[in-house]
> 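Below you'll find the structure I mean.
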Amino acid sequence: MVGLVPTMGAFHEGHLSLMRRARECGCVVVSVFVNPTQFGAGEDYQRYPRELDRDAALARKVGVDVLFAPSVEDIYPAGGSTFVEVTGLTEGLCGAHRPGHFRGVATVVAKLLNIVAPDRAYFGEKDYQQLQVVRRMVRDLRIPIEIVACPTVREPDGLAMSSRNAYLSPEERRAAAVLSCALTTAQAMVRAGTMGADDLLTRTAEIIAAEPLARLQYAELVHPETLTPVESVGPEAVLALAVFIGETRLIDNLRLTAG
Ligand code: PAF
């Protein structure tokens, strides 16, 4: 079996955990490609960390068999005019703030799946909307592979690992713990019996507002599969956040469960 871990490189422990999980397939392929079509104008495409030699050494250490690092021309042949668009699921959350982002993600993931032809592909739950978009695309296009979701890996203070954490100054890095603090507070509220979206989202916004370096872009309570807003947790819902810490936009989410 072949397992694919699609990445944009600048590996951290989150990526390495996907690669370790993918070792359940006999052969592990990791792609490293900073995909231009998923970045909007004014976003960090040029600045995104590119560390291929370091990434190759880390991949080798965790037992990756093939590191696939295509060029932009390999993925987007000159004159190409085909894109993959997943509707509905991409309208809210990050999709509402990053127009075209998920079109770029769905397109590059479809291409990587076609090129590598894996049996399984591994995605982190930190990019929750991306995971659902990829699942939907694979289902709708009848791509014969299994999507494996892997848990978010966190720093000791709760900050979800992300290549963009490297942009944070020491002060911002300290402030960034506010995302996971807001999520775990919401989970504690749910366990104590608060189920309503209004109460949970109000408290989330208060926690983010109390951190001077943080600016909330969105906090939403959504259904885990459809990603549509829900009025209460029900048996399960996902609390999803996007927060600017200084100039750096970070996302995180937590599946809230009653009981
Ligand atoms: O999550 C990422 O690193 C990227 O969005 C992905 C899935 C590799 C597509 O470029």
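Keep in mind that this is a model prediction, so the values were computed, not measured. As the structure lists them, so they are numbered: ligands from 1, and atoms in each ligand from 1. The analysis underlying the following values was restricted to heavy atoms, covering all of them including side chains, and did not include hydrogens, waters or symmetry mates.
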> Considering only heavy atoms, does V134 approach ligand 1 within less than 4.0 Å through its side chain, its backbone, both, or neither?
neither

> Would you call R20-E13 a salt bridge at under 4.0 Å N-O?
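Answer for the salt bridge query: yes.
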
> Quick one: is the NZ or CZ of R47 closer than 6.0 Å to the six-membered ring centre of Y167, and within 45° of its axis?
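Yes, R47 sits over the ring of Y167.
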
> Please identify which atoms of ligand 1 are closer than 4.0 Å to at least one heavy atom of T7.
8 (C)

> To the nearest 0.1 Å, how far is atom 1 (O) of ligand 1 from its closest protein heavy atom, and which atom is that?
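The closest one turns out to be Q130 NE2, 2.8 Å.
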
> Can you check which of H101, K111, Q38 brings a heavy atom nearest to atom 10 (O) of ligand 1?
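Among H101, K111, Q38, the closest heavy atom to atom 10 (O) of ligand 1 comes from Q38.
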
> Distance-only, no hydrogens or angles: does the K111 side chain make a donor-acceptor pair with backbone N or O of I75 under 3.5 Å?
yes

> Provide the number and element of each atom of ligand 1 under 4.0 Å from a heavy atom of V108.
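Near V108, the atoms of ligand 1 are 9 (C), 10 (O).
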
> Any ion pair linking D252 and K126 (charged N to carboxylate O, less than 4.0 Å)?
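No, K126 and D252 are not salt-bridged.
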
> Do R98 and E43 meet the salt-bridge criterion of a basic N to acidic O distance under 4.0 Å?
yes

